[in-house]
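To start, the structure under review is shown below, and the notes come after it.
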Amino acid sequence: QVHLVESGGGSVQAGGSLRLSCAASGYTGRWACMGWFRRAPGKEREEVAGIDSVGTTRYAEFAKGRFTISKDNAKNTLYLQMNSLKPEDTAMYYCAADRVYRWCGELSDYWGQGTQVTVSS
């Protein structure tokens, strides 16, 4: 019943920006965590950024200073603003959410299908 749907991916040149969105449906309560993850070809999925129920954020080192995670609780939507994109940012980006744990991870209960981000040089 709960669904997460990502949008906003696309193809951009290095140095460009994208804003990803993750719309949640089927649950109107408070999420303990929401987060963004990505998987590049031939690599394992890795955390990009997370946000807890209070609004505290955390970022992977590669994302600090370039990416910003935020959420709109009224719209039940998670966002990821990505600036100064690099070719190595090319990956499928997934959103995750969980009702219990402060920080999302691979065992989080809910995941979207992903949105493709491609950065060319």
Side-chain angles (χ1 to χ4, degrees):
Q1 183 176 125
V2 172
H3 295 283
L4 305 179
V5 180
E6 301 95 337
S7 62
S11 299
V12 297
Q13 293 278 102
S17 298
L18 286 172
R19 189 191 191 216
L20 307 183
S21 298
C22 172
S25 63
Y27 177 65
T28 59
R30 178 181 60 84
W31 293 108
C33 69
M34 301 188 83
W36 288 98
F37 297 75
R38 72 184 189 185
R39 187 172 72 85
K43 297 184 177 180
E44 294 190 353
R45 190 156 60 185
E46 62 183 344
E47 183 179 4
V48 177
I51 186 166
D52 70 6
S53 63
V54 178
T56 306
T57 59
R58 73 180 193 181
Y59 297 90
E61 284 298 317
F62 64 78
K64 289 181 178 178
R66 298 192 299 130
F67 296 178
T68 302
I69 187 171
S70 62
K71 63 178 179 178
D72 185 332
N73 290 326
K75 297 177 66 175
N76 212 4
T77 300
L78 178 73
Y79 303 97
L80 183 69
Q81 178 67 46
M82 304 187 293
N83 299 325
S84 302
L85 284 163
K86 306 172 181 179
E88 52 262 47
D89 294 319
T90 296
M92 283 288 294
Y93 284 72
Y94 303 86
C95 65
D98 197 272
R99 297 174 176 131
V100 177
Y101 297 102
R102 182 184 182 189
W103 301 109
C104 291
E106 290 300 324
L107 297 182
S108 293
D109 284 342
Y110 303 105
W111 291 85
Q113 292 296 305
T115 186
Q116 178 67 41
V117 171
T118 302
V119 185
S120 61
S121 60

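- V12 and V117 fall within the same hydrophobic cluster, where Ile, Leu, Val, Met, Phe, Trp and Tyr residues are linked whenever their side-chain heavy atoms come under 4.5 Å apart, directly or through other members.
- Closest approach of K64 and E61 over heavy atoms only: NZ-OE2, 2.6 Å.
- With hydrogens and angles ignored, the 3.5 Å screen pairs a side-chain donor or acceptor of E6 with a backbone N or O of Q113.
- In this structure, the side chain of K71 engages the main chain of D52 through a donor-acceptor pair within 3.5 Å.
- W36 and V5 are not part of a single hydrophobic cluster, where members link through side-chain heavy atoms under 4.5 Å apart.
- We find the CD-OG distance between Q1 and S25 to be 8.5 Å, quoted to the nearest 0.5 Å.
- Rounding to the nearest 0.5 Å gives a distance of 10.0 Å between CH2 of W31 and OG of S108.
- When every heavy atom of C104 is checked against every heavy atom of G35, the shortest pair comes out as SG-N, 4.0 Å.
- Side-chain contact between F67 and D89 is present, with heavy atoms from C-beta onward closer than 4.5 Å.
- Taking CG of L78 as the reference point, atom OG of S21 lies at 8.5 Å (rounded to 0.5 Å).
- When every heavy atom of F37 is checked against every heavy atom of E106, the shortest pair comes out as CD2-OE2, 4.1 Å.
- Under the 4.5 Å side-chain contact rule for hydrophobic residues, Y79 and I69 do not share a cluster.
- A donor-acceptor contact shorter than 3.5 Å links the side chain of N76 to the backbone of Y27.
- Remark: side-chain polar atoms of W111 are not paired, donor with acceptor, to backbone N or O of L4 under 3.5 angstrom.
- In this structure, CG on L80 lies 7.5 Å from OH on Y93, to the nearest 0.5 angstrom.
- By the 6.0 Å contact criterion, CZ on F62 is enclosed, its count of non-hydrogen atoms from other residues, nucleotides or ligands being greater than 12.
- In terms of heavy-atom proximity, S17 sits nearest to Q81 at CB-NE2, 4.0 Å.
- Under the 3.5 Å distance criterion, the side-chain polar atoms of Y110 are left unmatched by any main-chain donor or acceptor of R99.
- Residues E46 and R38 have side chains in contact (heavy-atom distance under 4.5 Å, counting atoms from C-beta outward).
- Of all the heavy atoms in S70 and I51, the pair that sits closest is CA-CD1, 4.3 Å.
- With hydrogens and angles ignored, the 3.5 Å screen pairs a side-chain donor or acceptor of T90 with a backbone N or O of V119.
- Within the 3.5 Å criterion, the main-chain N or O of D109 finds a donor-acceptor partner in the side chain of D98.
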*Pair S84-R66, side chain to side chain donor-acceptor pair (under 3.5 Å): steps then yes or no*: CA-CA 6 Å; S84 302; R66 298 192 299 130; over 6 Å; no

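- Closest heavy-atom contact between Y59 and A49: CD2-CB, 3.6 Å.
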